[in-house]
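Position 1 is the first residue of the sequence; numbering continues from there. Side chains included, hydrogens not; waters and symmetry mates left out as well; all remaining heavy atoms used.
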Amino acid sequence: MLSLSTKYIDFDRTKSVVLKYIDEYNFLLALKPTRNEPSVTQGFSFIPPATDRTLNTIESAADKNLKRQALMQKRERVMDEFTKVIETLPATYRYIIVKIYLNRCSDTEVYLDLNISKTNYYKVKKEAIVQLAIYLGIEVYKD
């Protein structure tokens, strides 16, 4: 059950923040570490170069690689944090979060798997979302 300290949490805004976090996790999870290599073939153009300074292909590839490396570091950080938090949740909460938000199963399938009533399932699901937000430190309190 939700403790007294969680009655001050704004569930709708907290759920929105948690879903954004999970969407970011899913996006970062799908990223593959790739590197951009500069083109080694010479290119010709009849159009004169622009007067403003642009990156050449080597600088452009290096810039893309640095941005990609920063994204991959963020990926590792988010994945480690989310995995640790998921592992600390109670088994029922963990099952609900993983099945609904990571495996994209239906609510009906999950509450039938858990062998609990629909009403009780939605209470437990709400508790799981709040608990996940608290463990991640992204809960939103009422004004």
> Indicate the atoms forming the closest heavy-atom contact of Val18 with Ala133, along with that distance.
CG2-CB, 3.5 Å
> Are side-chain heavy atoms of Val130 and Glu139 found at a separation under 4.5 Å?
no
> Measure the NZ-CD1 distance between Lys126 and Ile96 for me, rounded to the nearest 0.5 Å.
14.0 Å
> Do Asn120 and Leu114 come within less than 4.5 Å of each other through their side chains, counting heavy atoms only?
no
> Do Leu132 and Tyr93 have side chains that approach each other closer than 4.5 Å (heavy atoms only, starting at C-beta)?
no
> Within a 6.0 Å radius of atom CG on Asn103, are there more than 12 heavy atoms belonging to other residues, nucleotides or ligands?
yes
> Distance from Leu19 atom CG to Ile100 atom CD1, nearest 0.5 Å?
11.0 Å
> Rounded to the nearest 0.5 Å, what separation is found between the CG atom of Leu112 and the OH atom of Tyr121?
10.5 Å
> Within this structure, what is the CZ-CD distance for the pair Arg77 and Glu81, rounded to the nearest 0.5 Å?
6.5 Å
> If every non-hydrogen atom of Arg75 is compared with every non-hydrogen atom of Leu28, which pair is closest and at what distance?
NE-O, 2.6 Å
> Spell out, as yes or no, whether a donor-acceptor pair under 3.5 Å connects the side chain of Thr83 to the backbone of Asp80.
no
> How far apart are the closest heavy atoms of Tyr21 and Ile138, and which atoms are they?
CB-CD1, 4.0 Å
> Should Asp107 and Lys125 count as side-chain neighbours, where that means a heavy-atom distance under 4.5 Å?
yes
> Any chance you could measure Ile97, atom CD1, to Leu102, atom CG, to the nearest 0.5 Å?
8.0 Å
> Does some side-chain heavy atom of Tyr101 sit less than 4.5 Å from a side-chain heavy atom of Ile129?
yes
> Any side-chain to backbone donor/acceptor pair from Ser16 onto Asp12? Under 3.5 Å, distance only.
no
> Minimum heavy-atom separation for Val110 to Cys105, with atom names?
CG2-CB, 4.2 Å
> When you compare the side chain of Ile86 with that of Tyr135, does any pair of heavy atoms fall below 4.5 Å?
no
> Answer yes if Leu71 and Leu66 sit in the same cluster of Ile, Leu, Val, Met, Phe, Trp and Tyr residues linked by side chain heavy atoms under 4.5 Å apart, and no otherwise.
no
> Measure the shortest side-chain to side-chain distance between Arg13 and Asp143 over non-hydrogen atoms and say whether it is less than 4.5 angstrom.
yes
> Would you say Asp113 and Tyr95 make side-chain contact, with heavy atoms under 4.5 Å?
yes
> Heavy atoms only: give me the nearest Ile9-Lys142 pair and the separation to one decimal.
O-CE, 3.5 Å
> Test Phe82 against Leu29 for side chain to side chain contact (heavy atoms under 4.5 Å, CB included), laying out the working first.
CA-CA 11 Å; Phe82 191 71; Leu29 186 63; over 6 Å; no
> With rounding to the nearest 0.5 Å, note down the distance linking CD in Gln69 to CE in Met72.
10.0 Å
